[in-house]
Amino acid sequence: MTRGTTLLVTGGAGFIGSHVVEAALARGWRVRVVDSLRADVHGDGTMRVPAQEGLELVVADLADEAAVAGALEGVDVVAHLAAKVGLGVDFADAADYVTSNVTATATLLQAMRVARVRRLVLASSMVVYGEGAYRDAQGPIAVPPRLPADLEAGRFEPVSPRTGEPVEPLLVEESAPSDPRNVYAASKLAQEHLAAAWARGGDGTAALLRFHNVYGPHMPMGTPYAGVASIFRSSLERGEAPRVFEDGGQRRDFVHVRDVADANLAAAAWTAEADAGAARAFNVGSGTVHTIGEMATALADAFGGPPPVVTGDYRLGDVRHVTASSQRAADELG
Ligand code: UD1
């Protein structure tokens, strides 16, 4: 079924989207991109993947219903990656997150219903889980957000609300309850719920991919939405030490963008085989956990730059540890 597939990639000019486009073209799929080429994200307003046979670009915002309807013609499956990403600068961003992520997804899904396009791969995020998964001496336990007073005093590790002892971080499974703790996280969870409602109501199939911390070539730099790997790299390029927040012991799973692109294609194939009405979440990580301190040291060593500085600074919205189990994706998507 793979050859001959026509894939629509929303946000196909973006960091992850452009790698999905390249991976799909390499498999011989036809690819159509819808991207707004928003100046605050794309600067020069161009697409990175060069024009070629099998690739079409539609420059449009997803709010443009006529453009989206046109772009869906002849499409088998949609990979919906267009989104406003990152933690945001402040709450004044909230309406833009909702317009860009929630309303735009609803508009896209309505258009897919009309066009009878029944297969969706959605770019969601590990942030839907909030603070990761933990265990104390008595078993699994949910921990509340960390208190500013604790962070200020350098008490970064969450403690069990029932024993008062530090908790042990676990790998989060898809069955974990959602606990979105910022506007972006809330918008990603809303996208998942819309996709599930769309699938149930119209014999659609939706793969909800919860990406972990994605890194790799062409990751955003120098914007408020840049991830830590990109920030550290920019520091090293300026000859400065990476500045590690908290005590550097916070844990993440860094996954390469080409692996994430492959996960999108595997999920696209899954949508052809899944039961009508199915919407299923899959964590997408590398399966390997590292601390931010370890990552900073590895980057500084590779760069031959100054060693990292642990600053003790903190960001109130940050979770301490969040690490995925990507076992379901391995088992069910291959
Ligand atoms: C990231 C993504 C988010 C995605 C989520 C999925 C970004 C900006 N955020 O969130 O969109 O949904 O992964 O898991 O890409 N840190 C430093 N020094 C710095 C900057 C950050 O030590 O200069 C630390 C932070 O305190 C945090 C860790 O690095 O502990 C990761 O921060 P960040 O890259 O912003 O990613 P997440 O918050 O994990």
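Read the numbers this way: they start at 1 and go in the same order the structure lists the ligands and their atoms.
- Within 6.0 Å of CZ in Arg116 there are 12 or fewer heavy atoms belonging to other residues, nucleotides or ligands.
- Close contacts between ligand 1 and Gly227 involve ligand atoms 7 (C), 8 (C), 15 (O), 34 (O) [criterion: under 4.0 Å to a heavy atom].
- The proximity of Val85 to ligand 1, defined as any non-hydrogen pair under 4.0 Å, does not occur for either the backbone or the side chain.
- The closest side-chain heavy-atom distance from Phe282 to Arg210 is not below 4.5 Å.
- Short contacts between ligand 1 and Arg243, defined as distances under 4.0 Å to a heavy atom of the residue, involve ligand atoms 17 (C), 18 (N), 19 (C), 22 (O), 23 (O).
- For the pair Gln250 (side chain) and Phe245 (backbone), a donor-acceptor distance under 3.5 Å is present.
- Here the rule is side-chain contact (heavy atoms from CB on, under 4.5 Å) with Ser18, and of Val33, Val9, Val49 only Val49 fits it.
- The part of Ala226 lying near ligand 1 is the backbone, judged by heavy-atom distances below 4.0 Å.
- With respect to the salt-bridge test (charged N to carboxylate O, under 4.0 angstrom), the residues Asp203 and Arg118 do not qualify.
- Side-chain contact between Leu209 and Leu122 is absent, with no heavy atoms from C-beta onward closer than 4.5 Å.
- The shortest N or O to N or O distance between Ala229 and ligand 1 is not under 3.5 Å.
- Near Phe211, meaning under 4.0 Å from one of its heavy atoms, ligand 1 places the atoms 6 (C), 14 (O).
- Of the charged side-chain nitrogens involved, at least one lies within less than 4.0 Å of a carboxylate oxygen, so that Arg280 and Glu332 count as a salt-bridged pair.
- Proximity to Ser125 (heavy-atom distance under 4.0 Å) selects the following atoms of ligand 1: 4 (C), 5 (C), 6 (C), 12 (O).
- Contacts between Lys188 and ligand 1, counted as non-hydrogen atom pairs separated by less than 4.0 Å, are absent for every part of the residue.
- Side-chain atoms of Arg181 and Glu131, non-hydrogen and from C-beta on, do get closer than 4.5 Å to each other.
- The shell of residues lying under 4.0 angstrom from ligand 1, judged by heavy atoms, excludes Tyr314.
- Shown in contact with Val127 at under 4.0 Å from a heavy atom are these atoms of ligand 1, numbered in order with element: 5 (C), 12 (O).
- Residue contacts with ligand 1 do not include Val322, since none of its heavy atoms lies under 4.0 Å from the ligand.
- The option with the heavy atom closest to atom 30 (O) of ligand 1, from among Gln250, Met295, Arg315, is Gln250.
- Close contacts between ligand 1 and Val244 involve ligand atoms 22 (O) [criterion: under 4.0 Å to a heavy atom].
- Under 4.0 Å is where a charged nitrogen must lie from a carboxylate oxygen, and between Arg146 and Glu157 no such pair does.
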